[in-house]
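A short worksheet on the structure shown next.
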Amino acid sequence: ALPICDNLLTTDRQPKEMLTVKELAEFFDISRQAMRKHVDNLEPTYLAKNSQGYKTVLWSGVLHLALSVVNGRKGFLWIY
């Protein structure tokens, strides 16, 4: 695994099924409020609630979220 992704892996080195807004905000280096706005724009099929009742993003939705976050940053433009 890449060093930057270590915080997204469990101890058995398998990817987590769901990531919280806080985890995603830390990974993409943006505020939780900004990440919440991106998450709220995702299709419901990419969202779930964890055992504590927090809204989470399924691993399948992280790519869509990454495109949204990167395209929102000044100076970056991904064409897909």
Side-chain angles (χ1 to χ4, degrees):
L2 297 172
I4 196 168
C5 295
D6 282 346
N7 63 339
L8 296 179
L9 299 173
T10 60
T11 54
D12 64 355
R13 311 301 288 171
Q14 294 299 314
K16 292 182 183 179
E17 296 270 336
M18 301 178 289
L19 299 171
T20 64
V21 170
K22 180 180 177 182
E23 290 170 325
L24 290 163
E26 290 172 357
F27 180 75
F28 288 108
D29 194 30
I30 63 174
S31 69
R32 287 186 311 230
Q33 182 180 6
M35 180 55 67
R36 169 64 73 184
K37 289 180 182 182
H38 288 286
V39 168
D40 287 343
N41 288 327
L42 283 175
E43 295 179 27
T45 56
Y46 299 122
L47 304 175
K49 295 224 178 198
N50 65 11
S51 60
Q52 298 160 332
Y54 293 114
K55 185 184 281 188
T56 58
V57 177
L58 298 173
W59 196 248
S60 58
V62 173
L63 177 60
H64 296 280
L65 191 61
L67 292 172
S68 172
V69 169
V70 172
N71 279 333
R73 289 187 176 171
K74 188 174 184 178
F76 285 90
L77 176 62
W78 284 13
I79 300 173
Y80 49 93

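For the numbers below, each heavy atom of this structure counts, side chains included, while hydrogens, waters and symmetry mates do not.
Ala48 and Met18 get closest at one heavy-atom pair: CB-SD, 3.7 Å. The two atoms that bring Tyr46 and Gly61 nearest to each other are CD2-CA, 3.5 Å, heavy atoms only.
In summary, of the residues considered (Met35, Glu26, His38), a side chain to side chain contact (heavy atoms under 4.5 Å, CB included) with Val21 occurs for Met35 alone.
Partners of Thr56 under the side-chain hydrogen bond (donor to acceptor under 3.5 Å, both in side chains) rule, at least two apart in sequence or in another chain, do not exist in this structure. With sequence neighbours left out, Lys22 forms a side-chain hydrogen bond (donor to acceptor under 3.5 Å, both in side chains) with no residue at all.
No single ILVMFWY cluster, assembled from side-chain heavy atoms under 4.5 Å apart, contains both Tyr54 and Val57.
Taking OG of Ser68 as the start and CG of Leu63 as the end, the distance is 11.0 Å to the nearest 0.5 Å. The distance from the CG atom of Leu65 to the CG atom of Leu58 is 11.5 Å, given to the nearest 0.5 Å. Rounding to the nearest 0.5 Å places CG of Leu42 at 8.0 Å from NE2 of His64.
A 6.0 Å sphere centred on CZ of Arg36 holds more than 12 heavy atoms belonging to other residues, nucleotides or ligands.
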